[in-house]
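Worksheet: the structure to be examined is printed underneath.
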4 protein chains.
Amino acid sequence: MSDREDHLVGEFPLIPKQERAQLKRDLLLKSGHELFILKGYEHTTAKEIAAHAGVATGTFYRYFSDKRQLLMSLLEDQIEMLMPPEPKWGVSDPESTLTALLEAYDKRIKEMGMQRVLPELLAKDKEFVEVLAAAKRKIFTRILLGLTMAYEKGLTWKDLDLNTVTWSLMTLAEHAPEKMKLCGNVTDYREVAKVICRFVFPPEVIKKLQLDKSEAEE
Amino acid sequence: MSDREDHLVGEFPLIPKQERAQLKRDLLLKSGHELFILKGYEHTTAKEIAAHAGVATGTFYRYFSDKRQLLMSLLEDQIEMLMPPEPKWGVSDPESTLTALLEAYDKRIKEMGMQRVLPELLAKDKEFVEVLAAAKRKIFTRILLGLTMAYEKGLTWKDLDLNTVTWSLMTLAEHAPEKMKLCGNVTDYREVAKVICRFVFPPEVIKKLQLDKSEAEE
Amino acid sequence: MSDREDHLVGEFPLIPKQERAQLKRDLLLKSGHELFILKGYEHTTAKEIAAHAGVATGTFYRYFSDKRQLLMSLLEDQIEMLMPPEPKWGVSDPESTLTALLEAYDKRIKEMGMQRVLPELLAKDKEFVEVLAAAKRKIFTRILLGLTMAYEKGLTWKDLDLNTVTWSLMTLAEHAPEKMKLCGNVTDYREVAKVICRFVFPPEVIKKLQLDKSEAEE
Amino acid sequence: MSDREDHLVGEFPLIPKQERAQLKRDLLLKSGHELFILKGYEHTTAKEIAAHAGVATGTFYRYFSDKRQLLMSLLEDQIEMLMPPEPKWGVSDPESTLTALLEAYDKRIKEMGMQRVLPELLAKDKEFVEVLAAAKRKIFTRILLGLTMAYEKGLTWKDLDLNTVTWSLMTLAEHAPEKMKLCGNVTDYREVAKVICRFVFPPEVIKKLQLDKSEAEE
DNA sequence: CATGAATGAGGATTCATTCAT
DNA sequence: GATGAATGAATCCTCATTCAT
């Protein structure tokens, strides 16, 4: 439809062209997202994504060069969210902080559900694997930095390798949502947070931090 | 073929029929295994598996009804091995015990490589998910039992939920091999074992157990 | 495409979408029809039908779920035509009437050629058999009704079972075209009509009906 | 197993070699026959035929060059039986004679069931079609000869074409078993025989022949 | 001769992607 | 830009036939 036509019809061009296109693109991303989660990447067809977004098959290919690119775009938007957030140490009660962080992380994961699609791709798409690894490394670095600072303040265990601590923290955070499949249906983030705190801080530090916090609250 | 002929030819090349069939089946399993790891489950075709095993496409279907069944057969063989082994607590230095267990587990994982294929299936194959979950639950129960006994002996933290501890232990064991992607190329199992010990035993218990062990060795 | 463009290009080559689709569907039906006759149903592949219709294999599956459905569509169109037409009795010279009917029936059969495909299916497709049987029963009832009326007017043999007469009539009509394979290359419908008349009407009735007709024509 | 071995075992070679082979061949023919009827020619596999006959797949090909040849052999054995038998005219009550013949024919047909397989082949196997046509022509000639003799004795209609009469007779005989699908579940051969008699003999001849017979019986 | 495992061409069907309208 | 019909390569799977034992 040309601009001229728009004017002839007499309607104010409510939505700028670009914006409408963006809208359609987003719709496709959303559809791809939902269907990938529902049926897996391989088992979702471009036609389905388009239909679910309410556009024609061909339109899909105007916005994405192929199915893989849609996935990659999804990831670019969301990969940051897939990463465990960076906790702030030594600020207040670390167990509560971690609990909140884990909950927030889990919520985002559920919103995206992308982790169900990822494994399918890990097996074959080298580029994808690298993108993911890079993102993870980024978070890793941030968390490690935080821990190092805590270490320098004498807050953490002296005799644990911080790399390993960081990795363990991330791993438990990442997989916490799966926990309920094994241990009943409630994922109690506080308990996971407590576990994590045991290998981050020695008992006396935890006590001290909790005391600090209580005092601060008074 | 008469008996006489048999003797002339000798019995060397005569592999019993059943054995040869088993051999071929194993060959196909091996090919499937390798290709699943190399290219992912979805991206491996029955034809490829057959070709890789040096047999015709049709032969594949003599031994397996389809690709999925081959995978299931692979799993039946290997699912136990995929599970983290059960550690013995309170027997000797727990860090060393755990380290050894983690190493053994990793070795098995690497031998199989199946864990690269598994996640892909978790996303869509309900039956598979259930099989795997059942196996995990089995291990979970065993580990939990061990921890409960340790708890009763006063060895573990009093204020941690044992379910969560068990799950954390399993999760770190299961994912330890991936650690190297993040923290350089060496997965130091001793460090992971130390981390695990921090959330299983309070510091004084660890010290005591290590002392016991040293004394025993003297 | 704007209206202006439409006018420049002219409307001649614009076949409405639906119509073109119908056209293609018809083309496929026609191809299926021809190939089924030429090579038999089992020996015709979907790919061949598509190629013969000048479209790609996939296009076949846009219009038909499979080969069987194409056949069923063919039959829905043609099954009525496959049935022997219903003769009118006691109106004029029955031999001439029958002759004309047989000729017309044969012509339709030849146009369709479907009867060469049908027997192949009778052997295995239960649903198909039922569809066909229902259609036949419909015709059977109509013919039987006509004969019963003729019977009540005293036109037919008193001592023949009308069911059997009806069935014989239908059978000869249906198979008349095959006659030439046995008795030379000309199927003389008048002779078949005469044979049929012998078991429908007693000789004196035939004479009377022919007389009536001659008088009417004078 | 060699003959020598047979002797060693001490059993009298009960069945001569050739005979045993013939037995196996017959078994295969029988299996093919049954399965073709049950599932159709195309849908019966060589493996199934062999299994049903209790022999190995390969054995099938020792006795028959291929599936088609087994069918041809079946036909050679049975094609004569598929043909309507030749009635004897003017000997006794023709209706009774025909009834008996039709019954006998139907029984044989049912024993063989081959007519359910034939149509599938008519569509594609030229040689098969010719074999069948030749057999039909043979029967046709025999029946025609009988009718011609009856004609010369003044027994038949003067004004009917004997070719057509012969063909009609064969057609009704051949399809009589299908009659029940249309007209209830009983195929009354006597009624079909009566219909046939009407177009073979004029009423006065029938009466006369029946009289002759009654007298002969007295 | 018998066996039945092995073969691989061939048929049915799907789906990522293109392109005429 | 939008459409969705068309494409055809690629997959799954079957089965007639061969051949080593």
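Computed from a prediction, not measured in an experiment: that's the story for all the values here. Sequence lines set the chain letters: A, B, ... in the order given, protein chains first and strands last, and positions in each chain run from 1.
Rounding to whole angstrom units, CG of residue A/L27 and C1' of F/dG1 are separated by 16 Å. The interatomic distance linking D/K47 (NZ) with F/dC13 (C1') rounds to 13 Å, in whole Å. Residue D/L71 contributes atom CG, which lies 15 Å from atom C1' of F/dA16 at whole-angstrom precision. B/E48 places its CD atom 13 Å from the C1' atom of F/dC12, with the value rounded to the nearest Å. The interatomic distance linking D/K39 (NZ) with F/dC15 (P) rounds to 8 Å, in whole Å. When the P atom of E/dT17 is taken as reference, atom CD1 of A/I49 falls 11 Å away, rounded to whole Å. Between the C1' atom of E/dG11 and the CD atom of D/E42 lies a distance of 12 Å, rounded to the nearest Å. In this entry the distance linking CG of B/L23 with P of E/dA5 reads 15 Å, nearest Å.
Comparing the P positions of E/dC1 and F/dT21 gives a spacing of 22 Å, expressed to the nearest Å.
The shortest distance between side-chain heavy atoms of C/F60 and C/L70 falls below 4.5 Å. Contact of the A/I49 side chain with the A/F36 side chain is registered, since non-hydrogen atoms from C-beta on lie closer than 4.5 Å. With a 4.5 Å cut-off on side-chain heavy atoms, A/H52 and A/K30 do not count as touching.
A donor-acceptor pair is defined here as one N or O able to donate and one able to accept, closer than 3.5 Å; no such pair exists between the side chain of C/T59 and the backbone of C/V55.
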Q. Given the rule in the side chain to side chain contact (heavy atoms under 4.5 Å, CB included) test, do D/H33 and D/I37 qualify, once you have shown the distances and angles that lead to the verdict?
A. CA-CA 6 Å; D/H33 183 192; D/I37 290 165; 3.2 Å; yes
(Q) Let's go through C/S73 and C/R25 carefully: what are the C-alpha distance in whole Å and the side-chain angles of both, what is the deciding distance for side chain to side chain contact (heavy atoms under 4.5 Å, CB included) to 0.1 Å, and is it a yes or a no? (A) CA-CA 10 Å; C/S73 298; C/R25 205 188 116 97; 3.7 Å; yes
Q: List the steps and the verdict of side chain to side chain contact (heavy atoms under 4.5 Å, CB included) for C/K24 and C/R62.
A: CA-CA 10 Å; C/K24 204 157 269 187; C/R62 168 167 295 282; over 6 Å; no
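For the segment residues 55-68 of chain D, the set of residues with a heavy atom within less than 4.0 Å of an atom of DNA chain E comprises D/V55, D/A56, D/T57, D/G58, D/T59, D/R62, D/Y63, in numerical order.
Base-pairing analysis of DNA chain E finds the following stems of at least three consecutive Watson-Crick or G-U pairs, with both pairing distances under 3.5 Å: E:2-21 with F:2-21.
An OP1 or OP2 oxygen of F/dA6 is reached within less than 4.0 angstrom by a side-chain nitrogen or oxygen of C/K24.
Using a 3.5 Å distance cut-off with no hydrogens or angles, the side chains of D/T44 and D/E48 do not pair a donor with an acceptor.
Remark: C/K67 is positioned above the aromatic ring of C/Y41, its terminal NZ or CZ atom under 6.0 angstrom from the ring centre and at most 45 degrees off the axis.
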